[in-house]
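Notes to accompany the following structure.
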Amino acid sequence: MNRPNSNSKNRIQEDPNNTSDTNFIRQEIEADLASGRFEGRVHTRFPPEPSGYLHIGHAKAICISYGIAEDYNGFYNLRFDDSNPITEEHEYVEAIKRDVHWLGFDWEDREFYASDYFETLYEYAIKLIEKGKAYVCDLTPEEMRTYRGTLVAPGKNSPYRNRSIEENLTLFQGMRNGEFSDGSRTLRAKIDMTSPNLNMRDPVMYRVLRAPHYRHGNNWCIYPTYDFTHGQSDSIEGITHSLCDVQFEDHRPLYDWFLESLEIYQPRQIEFARLNLTYTVLGKRKLKILVEEGHVNGWDDPRLPTLSGLRRRGYTPEAIRDFCNRIGVSKADNLIEIGQLEYSIRDDQNKRAPRVLAVLNPVKVVIDNYPEGQVEMLDADNNPEDENAGTREIPFSREIYIERDDFMEDPPRKFYRLAPGREVRLKHAYYITCNNVVKDDAGEVIEIHCTYDPETRGGWSDDGRRVQGTLHWVSAEHAVDAEVRLYDSLFTEREPENAAEGTDWIQFLNPDSLEVLNHCKVEPSLVGAPPESRYQFLRIGYFCIDPDTTSEQLVFNRTVPLRDSWAKIQKGQK
RNA sequence: AGGGCGGUGGCCAAGCGGUAAGGCACAGGUCUUUGGAACCUGCAUGCGUAGGUUCGAAUCCUACCCGCCCUGCCA
């Protein structure tokens, strides 16, 4: 990792869009740096449990923890908090690593697993028993709940709380040796059953659980709880700043109690608010339900806010990091509008995505005065926002497809597109004027007849003539068929989880979140593009090649539509 | 109800006793071979409420109101 860095922080502070440069966490870290609290070190970590895929909320956490380590010239670890063998799988480890790398972060050789600390944790537990600070308890789960008390009533001491150190040592060894049945005994911290902080009411440190661990097989039949694992893991790794969700704020006294009782190195935990997004759900359990109950097609369904879903949808890591920088960091509850995320990908793709012509809902146009059989290759710039993007050639011929929405027989005011008697520009090609239309028996327009002006090649007119509209098109003879998947929000409610008292969020799934269009017409240059290639379909939106694409069939995902002020005008007219 | 943490424009978010940054959204406008982009303009006499301290308060004090989290041998 680069050492002294005097520039990266300044670079960030110069970016007016970045609100993270002055956030309260950085202020605390700077105070620690100034006071020499951690000998000037900054060492953070991202501690996922491998029981699901990463989502945009994790991206926020990663950007905060890793971004801070980078900016203060420190280090960051990736640690899997894998202390519950029931829910964890190796598949998730791989998926998480892939996503973190994809986001653009490299933890180098600092990849750790809490489960690798099991032996140390076991020794820590014995140390607490020896200090009289932990005891083996025989209460059943139900009994323990009763003894714990309530939010307003204090708990009462377990009848097993005063076992001798010797007996506790023997019993705990017995737990490890498999002498007791699952759930029959626990090791508990001896703290204070009357504490107003429920986490301090003699929390469980170890449970008996005969389940194979994905990394350690059947080596263990007792597993430490998260509370007894997390803080010590940070300590073992020499983390200076443990940045986490505000939900762990009242666990901090417990972590500190363990660390102080164990007399081991103590990191500083700082909490921030988790991300919430409109029209979706974030939260491992809910996402898992969507995937496992088949409401979506896997963890990488483009409608999901998972990183793999966003990737498949066409989001770039740069756009996601930009989003995370823009939303800032605080402790206040928040609900970010999905439009904020969309802004970041549009901004990113506007600068980078090659423009191509594609017609999603085609209607044929015949240019009556264009020579039959003639084909011209026309120059088209690949990206007007990028002067280095170059140009390509696209074929033009007598019959083309245009968007059905770009023609109206009886247009309203402000409709700048094709209509009988109207002249419009075909992007990169010619001006055409509509003469008449052919309809089928149902009255639907099936063919639009036009004439073109040969003097307007390239889309220019020397006589100063102005046309109101510019249409995208594709030569019928050269067009390639494609499947295009249009996505809308996964939920119909802004806050599916809070939409109605006592209702199930799943009922707010949007039945129209996926619309598949077949026989869309795209320009031939798109043949052979690899998955994840991203384009702007001119005048429509940003699209990305889906991995379902074969040599026979192109499949595109719509990442996000272009902003559409015509749609707004239409809405206002209704 | 006990504890913890929050409350600055529609959504985020700076602000740290000297008179409300910025982004998204929205509304106008300029420009335009994408109704895109870019550019310009507008958008909190107000910081949960009520008092108080002060020459001066979003910032300090007091009380109250509202929201979120905590009663897994999940993380």
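Order of the sequence lines sets the chain letters (A, B, ...), proteins ahead of strands, with each chain counted from 1. Worth saying up front: this structure is predicted, and the values here are computed from it rather than measured.
Side-chain atoms of A:R355 and base atoms of B:U34 include a donor and an acceptor less than 3.5 Å apart. For B:C74, its base sits under 3.5 Å from the side chain of A:R285 at one donor and acceptor pair at least.
Figure legend: A:K286 and A:W505 shown as a cation-pi pair, the cationic atom lying under 6.0 angstrom from the six-membered ring centre and within 45 degrees of its axis.
For the segment residues 192-201 of chain A, the set of residues with a heavy atom within less than 4.0 Å of an atom of RNA chain B comprises A:P196, A:L198, in numerical order. Of the residues in residues 333-348 of chain A, A:D333, A:N334, A:L335, A:I336, A:E337, A:Q340, A:Y343 come within less than 4.0 Å of RNA chain B through at least one heavy atom, sorted by number.
Note on A:E271: nothing from the nucleic acid sits closer than 4.0 angstrom, heavy atoms only. A:E49 comes within contact range of the sugar-phosphate backbone alone, with a heavy-atom separation under 4.0 Å but no base atom that close. When heavy atoms are screened at a 4.0 angstrom cut-off, A:P384 is found touching base atoms of the nucleic acid.
Contact check, A:R539 against B:A37: no side-chain N or O comes under 4.0 Å of OP1 or OP2.
A:D182 has no carboxylate O lying under 4.0 Å from a charged side-chain N of A:R207, or vice versa, which leaves the two without a salt bridge.
Side chains of A:E237 and A:Y117: a donor-acceptor N/O pair is present below 3.5 angstrom, by distance only.
Taking the six-membered ring for Trp and thresholds of 30 and 60 degrees, A:F172 and A:Y206 have ring planes more than 60 degrees apart, a perpendicular arrangement.
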